[in-house]
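What follows is a short report on a single structure.
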Amino acid sequence: AVRLVDSGGGSVQAGGSLRLSCAASGTATYSPNCMGWFRQVPGKEREGVAYIYPSGDSTSYSDSVKGRFTISQDNANNTVYLQMNNLKPDDTAMYYCAAGRVSRQSWCGDKWAPTTWGQGTQVTVSS
């Protein structure tokens, strides 16, 4: 089974940057073709913020982070990154990496339901 380990969270001031990492293992027997980053604050639903379809090098973002966050992949190390720039207090949340498979590239986006989740990494942005 695929296992995801999230890291890179922390506390920064507004306007700062962080880079989250998601290391995947176990992909020899199950290779996801859609990966993404989600975030959640207590009392609210989990929100998808960025998605990547590695084989097509296709990415998409929620409107709330577009232009500030960048999702990327390192296939050699089975790692997906989320570069977060110009962070805002509203970005404060627990961030989760997710993985799964889709039948079409266009389905790797905000309607996608992942099957595997990381443990989460906390991001806190102060004003």
Side-chain angles (χ1 to χ4, degrees):
V2 173
R3 180 170 177 257
L4 305 176
V5 178
D6 308 332
S7 63
S11 297
V12 296
Q13 291 191 326
S17 298
L18 284 172
R19 189 177 79 157
L20 307 184
S21 298
C22 173
S25 60
T27 56
T29 55
Y30 173 78
S31 180
N33 63 4
C34 181
M35 298 191 71
W37 286 95
F38 293 69
R39 65 187 182 187
Q40 188 171 25
V41 297
K44 292 189 177 181
E45 290 189 359
R46 192 169 292 188
E47 171 195 17
V49 297
Y51 312 90
I52 187 165
Y53 187 83
S55 62
D57 201 21
S58 171
T59 61
S60 61
Y61 302 89
S62 67
D63 288 342
S64 60
V65 307
K66 198 173 295 182
R68 300 187 297 121
F69 289 13
T70 302
I71 188 170
S72 62
Q73 65 198 48
D74 179 349
N75 289 331
N77 293 311
N78 287 329
T79 302
V80 173
Y81 302 98
L82 185 67
Q83 177 67 43
M84 305 185 295
N85 297 328
N86 191 22
L87 282 161
K88 305 175 180 180
D90 284 348
D91 294 319
T92 295
M94 183 72 79
Y95 282 72
Y96 299 89
C97 177
R101 290 194 62 83
V102 295
S103 299
R104 298 180 182 179
Q105 179 174 326
S106 60
W107 293 357
C108 184
D110 60 358
K111 301 297 190 293
W112 169 52
T115 54
T116 302
W117 294 89
Q119 84 286 1
T121 184
Q122 178 68 38
V123 172
T124 302
V125 185
S126 58
S127 57

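One is the number of the first residue; the rest follow in order along the sequence. Reckoned from all heavy atoms, side chains included, excluding hydrogens, waters and symmetry mates.
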Discussion item. Just verifying a value: how many Å separate Glu47 CD and Arg39 CZ, rounded to the nearest 0.5 Å?
Written reply: 4.5 Å
Discussion item. Nearest 0.5 angstrom please: Gln13 CD to Ser127 OG, how far?
Written reply: 9.0 Å
Discussion item. Is the shortest side-chain heavy-atom distance between Ser7 and Thr121 below 4.5 Å?
Written reply: no
Worksheet item: Cluster question for you: counting only ILVMFWY and a side-chain heavy-atom cut-off of under 4.5 Å, with indirect links fine, are Ile71 and Met94 together?
Response: no
Worksheet entry | For Val123 against Gly9, the heavy-atom pair lying closest together | CG2-CA, 4.2 Å
Worksheet item: Which heavy-atom pair separates Trp112 from Ala99 by the least distance, and what is that distance?
Response: CZ2-C, 3.5 Å
Discussion item. Please say yes or no: joined through hydrophobic side-chain contacts below 4.5 Å, possibly via intermediate residues, are Tyr51 and Val80 part of one cluster?
Written reply: no
Fill in: Residue pair Pro114 / Phe38, side-chain heavy-atom distance below 4.5 Å
yes
Worksheet item: Is there a side-chain contact between Arg68 and Asp91, using heavy atoms and a 4.5 Å cut-off?
Response: yes
Worksheet item: Tell me the salt bridge (charged side-chain N to carboxylate O under 4.0 Å, His left out) pairs involving residues 104-116, sequence neighbours left out?
Response: none
Discussion item. Applying salt bridge (charged side-chain N to carboxylate O under 4.0 Å, His left out), can you list everything that pairs with Arg3, at least two apart in sequence or on another chain?
Written reply: none
Discussion item. Quick one, Arg46 and Trp117 - any side-chain contact, counting heavy atoms below 4.5 Å?
Written reply: yes
Worksheet item: How long is the gap from CD on Gln40 to CD on Glu45, to the nearest 0.5 Å?
Response: 8.5 Å
Worksheet entry | Member of Thr79, Asp6, Leu82, Thr116 meeting the side-chain contact (heavy atoms from CB on, under 4.5 Å) criterion with Cys97 | Asp6
Item to complete: Can you see which heavy atom on Pro54 is nearest to which on Asn33, and at what distance?
Response: CD-O, 3.4 Å
Worksheet entry | Heavy-atom closest contact (Met35 atom, Cys22 atom, distance) | CE-SG, 4.1 Å
Discussion item. Tell me which one of Val65, Thr124, Thr92, Leu18 satisfies side-chain contact (heavy atoms from CB on, under 4.5 Å) with Leu87.
Written reply: Leu18
Fill in: Any donor-acceptor N/O pair, Arg101 side chain to Ser31 backbone, under 3.5 Å
yes
Worksheet, complete the sentence: The reported gap from OG in Ser106 to OH in Tyr53 (rounded to nearest 0.5 angstrom) is 9.0 Å
Worksheet item: Below 4.5 Å, heavy atoms only, C-beta onward: do Tyr96 and Leu4 meet side chain to side chain?
Response: no
Discussion item. Could you walk me through whether Tyr81 and Thr70 satisfy the side chain to side chain contact (heavy atoms under 4.5 Å, CB included) test, starting with their C-alpha distance in whole Å, then the side-chain angles of each, then the deciding distance to 0.1 Å, before giving a yes or no?
Written reply: CA-CA 8 Å; Tyr81 302 98; Thr70 302; over 6 Å; no
Item to complete: Find the distance between CZ (Phe69) and OG1 (Thr59) and round it off to the nearest 0.5 Å.
Response: 14.0 Å
Worksheet, complete the sentence: Rounded to the nearest 0.5 angstrom, the CD-SG distance for Gln105 and Cys34 is 9.5 Å
Practice prompt. Check ring pair (Phe, Tyr, Trp, His ring centres under 6.0 Å) between Trp107 and all other residues, then give those that pass, not counting sequence neighbours.
Written response: none
